[in-house]
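Chain naming here is simple, since letters A, B, ... match the order of the sequence lines and numbering starts at 1 in each. As a basis for the values below, the full set of heavy atoms in this structure was taken, side chains included, without hydrogen atoms, waters or symmetry mates.
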Number of protein chains: 2
Amino acid sequence: MSPTHAPAGAARQGSLRELNLALVLGRIAAADRPPSRADLATATGLTRATVSAVVEDLLAGQLVSEADPAPRAGAGRPARGLVLADRGPAGLGLEVNVDYLTVCVVDLAGQVRHRTVHRADLRPVAPADALARLVDLAGEARADAARQGLTLAGAALAVPGLVDDAGLVRLAPNLGWRDVPVPELLSGHPSLTDEVPGVPALVVDNEANFAALGELHSRPPGLASFLHISGEVGIGAGIVLDGALFRGVRGWSGEIGHLPVHPQGRPCRCGGRGCLEQYAGQEAIVAAAGLLRAELPADIATARLAELAEAGDPDALRALHDAGTALGVAVASVVNLLDLDTVVLGGGYAPLAPWLCPPVLAEIAARVLTAAWSPVTVRPSTLGPEAAAVGAAESVVRRIVARPAGWLSRSG
Amino acid sequence: MSPTHAPAGAARQGSLRELNLALVLGRIAAADRPPSRADLATATGLTRATVSAVVEDLLAGQLVSEADPAPRAGAGRPARGLVLADRGPAGLGLEVNVDYLTVCVVDLAGQVRHRTVHRADLRPVAPADALARLVDLAGEARADAARQGLTLAGAALAVPGLVDDAGLVRLAPNLGWRDVPVPELLSGHPSLTDEVPGVPALVVDNEANFAALGELHSRPPGLASFLHISGEVGIGAGIVLDGALFRGVRGWSGEIGHLPVHPQGRPCRCGGRGCLEQYAGQEAIVAAAGLLRAELPADIATARLAELAEAGDPDALRALHDAGTALGVAVASVVNLLDLDTVVLGGGYAPLAPWLCPPVLAEIAARVLTAAWSPVTVRPSTLGPEAAAVGAAESVVRRIVARPAGWLSRSG
DNA sequence: GGTATTTGTTCAGCGATTGAATTATTTGCC
DNA sequence: GGCAAATAATTCAATCGCTGAACAAATACC
């Protein structure tokens, strides 16, 4: 999107420093090698004097630390390299899903510094109890983070459902949740993180959105635009535009599972007909392949399907091809609409990508007007099942990197 | 989208003033009544001293002028109201389409101050000649603008086709254009506008994109997000997110005409099957209604169709209902994906909206998961056929309002 | 006519950036 | 080893633009 809209608030004296803190820190985060102050000065256009002053603030606030510089040939005083600190603020990522709870801690550099996966069937568990268990795990994570010199600056919770801006889970069908007020249920518990100005204590969002952010993991923050599709029982998509998640007017974007791919086709639980979910959802694929899903947890069923396909089982191959074709129709719609150049298959789709990608690419080639000029990449996700939790944690640290002033004002 | 990404450039001393110029000017533009300096101070959070200084710059640069204030009850020195100037910079909007050329001038306040529509069949005309005619019309527009005290600060050209970032028209099928380098063809002619720092001399883009911007016409600049669908021979959509046009990675977003609504249906000229265009494009509707389109210009055919529908002609009504249903399937996809709350039917769809809206709404209600919680508005465009040209011109003035510093640095 | 009230301007103070000068530290050459 | 060149980082006076308070201007109300 072109940066044409007016700034949000008044630009006071201090705004200048805030902007330059963000600018310099962003450069440090985006650099592939530790930059020197001089590098930063030339890269940002600021003077070295200013960069030094800004870096001093960042060092004092434990956002960056000095490292051995990139070796350089030639004469001159050696530079001191700057890297994101490994003992400053960190983000807490949480996930509640059907089969597991996950908690993880991600530092400024995007490294996962703590991770817990607690496998359990959460469907029979009341939301309040599920959240209570999560709080316990989060407490351990916080203690572990503290041992590593990390301060949890904010938390984000991924949920497989629709979440409104206030953190109310309107509907998480596979979990059996409806109108669950997460912040309210957590208010009785001790706080998960430290309080940091400008960083919300807890953000709740759809797992597909956070999984998409996870895909930015260990990637320089920048202008990436892509579609990340989480293929579980339902199918959700996270849309990343210019490096930022697009959440829609009310935060309910990405419901790709209910794009009609056969408008007069099978009825869907959403009330519509022929939704993608009915043709490319996990249950549909597994049923089409002739597997009895009822007893299998989702990930086991997926693994089994991949085995069968690997072995050349014709039913499995046909099921995957048909699902991929349906998925391709939906993806072609998205690409025609948004002109994205990358599509990432995540969640349950990742292990099935070898069989899903070809039909998806075929549909794109056939249906996308501009495909001839500009190829669309379709690839599996780089993260595993913990993508959503990592992405959630990452969303916290990205916020700090984008606006370090809040953190610094806390730290004194 | 959350404003989480880092600022583009270094924040230098002058950036502060640039930001506040934009902030104050944006407030003046957004206000429904002429605000006083004191109003602006409380609204922006700046001090009155700063606002006065900023306003002085804006007055000197002919971006705002003083007007009679809004009458106020009570004691106190009367305020002086500030309005966008009606004799400062203006935008030049151009459109080449199949049946006409349009040129218009829009001032800062969004008023159309000049308009020329030159009807002609442009298909047999070579691109260079069509552009030459446009340059002539633009010259007259510029002279007329000068008489009104307006300075043309930039130009934008709307074309019914795919345009890349450099202004190369890759493909405009209905016009018969292919790989037309517009800026190059115009380079021999006298320049259309004055040169203003920060404002490109000419922006070329898809008519659907500009028509969507036109829908923001005379509306306060803000966070509107909507989908604007231009139903012509082809069907294009402009996506406005948070008040800004979304152009996609390469500027080719909005190809809603090629969303598959019947994946195994009629073959489309794009190579795919069952594209929306085959069911809701003008030719499809007119043919389904039993009209002989071949001889009729598009707008006449649309008017005839509206007459027939008004008279209760069953073929016309059925054709419109079927088209609306197909359109609704595509719109439901978009809403599921992007969570927009408003859909605008523009171009050839506007006069047909009374018959298209009901089936579109029905499909949305049936297929959009979140429709139950949050209604989606579907309404016809407020602008007529000149929406694209007005939107193009408006894009220029919006850029100036968003970044007044460039204009001011020119003006001295 | 006097007072209260609101608008808009003036001015000293201050924070942040700038640009030049200065200090620091290494390489390369004699 | 000593010295010049080169590059990195810091120091400091100057300047720009915002702030806050005092002040001037203009009107309504008593």
Side-chain angles (χ1 to χ4, degrees), chain A residues 7 9-24 27-28 31 33-60 64-82 404-405 408-409, chain B residues 7 9-24 28 33-60 64-82 404-405 408-409:
Chain A
R12 21 185 46 71
Q13 246 2 9
S15 315
L16 224 51
R17 185 41 80 80
E18 287 184 18
L19 289 169
N20 284 331
L21 283 166
L23 180 68
V24 169
R27 279 283 172 178
I28 294 172
R33 290 186 305 180
S36 67
R37 291 166 175 77
D39 293 337
L40 292 168
T42 56
T44 60
L46 296 167
T47 62
R48 281 172 307 180
T50 303
V51 171
S52 279
V54 167
V55 166
E56 194 173 0
D57 284 3
L58 295 174
L59 284 169
V64 306
S65 56
E66 293 192 322
D68 284 339
R72 178 181 46 77
R77 168 176 169 176
R80 276 181 290 176
L82 297 166
L408 293 177
S409 73
Chain B
R12 17 183 49 67
Q13 278 304 43
S15 312
L16 225 49
R17 184 42 80 79
E18 287 183 20
L19 290 168
N20 285 331
L21 284 165
L23 180 68
V24 170
I28 295 173
R33 290 186 306 181
S36 67
R37 291 166 175 76
D39 292 337
L40 292 169
T42 56
T44 60
L46 296 167
T47 61
R48 282 174 308 179
T50 304
V51 170
S52 279
V54 168
V55 166
E56 195 173 1
D57 284 3
L58 294 174
L59 284 169
V64 307
S65 54
E66 293 192 321
D68 284 340
R72 176 181 47 76
R77 168 177 168 174
R80 275 181 291 176
L82 296 166
L408 293 177
S409 73

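Here the side chain of Arg12(B) pairs a donor or acceptor atom with the backbone of Gly45(A) at under 3.5 angstrom.
Not a single donor-acceptor contact under 3.5 angstrom links the side-chain atoms of Arg77(B) to the base of dA26(D).
Summarising the geometry, the separation between CG on Leu59(B) and P on dG8(C) is reported as 11 Å, rounded to the nearest angstrom. Separating the CZ atom of Arg37(B) from the P atom of dT10(C) is a distance of 11 Å, rounded to the nearest angstrom.
The pair Asp57(A)-Arg17(A) counts as a salt bridge, with a side-chain nitrogen and a carboxylate oxygen less than 4.0 angstrom apart.
The CZ atom of Arg80(A) sits 12.5 Å away from atom OG of Ser65(A), with the distance rounded to the nearest 0.5 Å. Atom CG of Leu58(A) is separated from atom CD1 of Ile28(A) by 6.0 Å, given to the nearest 0.5 angstrom. Rounded to the nearest 0.5 angstrom, Leu40(B) CG and Arg37(B) CZ are separated by 9.0 Å. Considering OG of Ser15(B) and CG of Asn20(B), their distance stands at 11.0 Å, rounded to 0.5 Å.
Proximity of residues 40-54 of chain A to DNA chain D (heavy atom under 4.0 angstrom from any strand atom) is restricted to Arg48(A), Ala49(A), Ser52(A). Of the residues in residues 11-18 of chain A, those with a non-hydrogen atom less than 4.0 angstrom from any atom of DNA chain D are Ala11(A), Arg12(A), Gln13(A).
The heavy-atom pair separating Thr42(B) from Asp39(B) by the smallest distance is OG1-O, 2.9 Å. Ala11(B) and Leu19(A) get closest at one heavy-atom pair: CB-CB, 3.8 Å. Minimum interatomic distance between Pro34(A) and Gly81(A) (heavy atoms only, all atoms of both residues): CB-CA, 3.9 Å.
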- Leu16(A) vs Gln13(B), side chain to side chain contact (heavy atoms under 4.5 Å, CB included): CA-CA, chis, key distance, verdict: CA-CA 8 Å; Leu16(A) 224 51; Gln13(B) 278 304 43; 3.4 Å; yes
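Of the side-chain N and O atoms in Ser36(A), none sit less than 4.0 angstrom from OP1 or OP2 of dT7(D). An OP1 or OP2 oxygen of dC18(D) is reached within less than 4.0 angstrom by a side-chain nitrogen or oxygen of Asn20(B).
Terminal axes of the helix from dG1(C)-dC30(D) to dC30(C)-dG1(D) (five pairs each, C1' rotation axis) are separated by 10°, to the nearest 10°.
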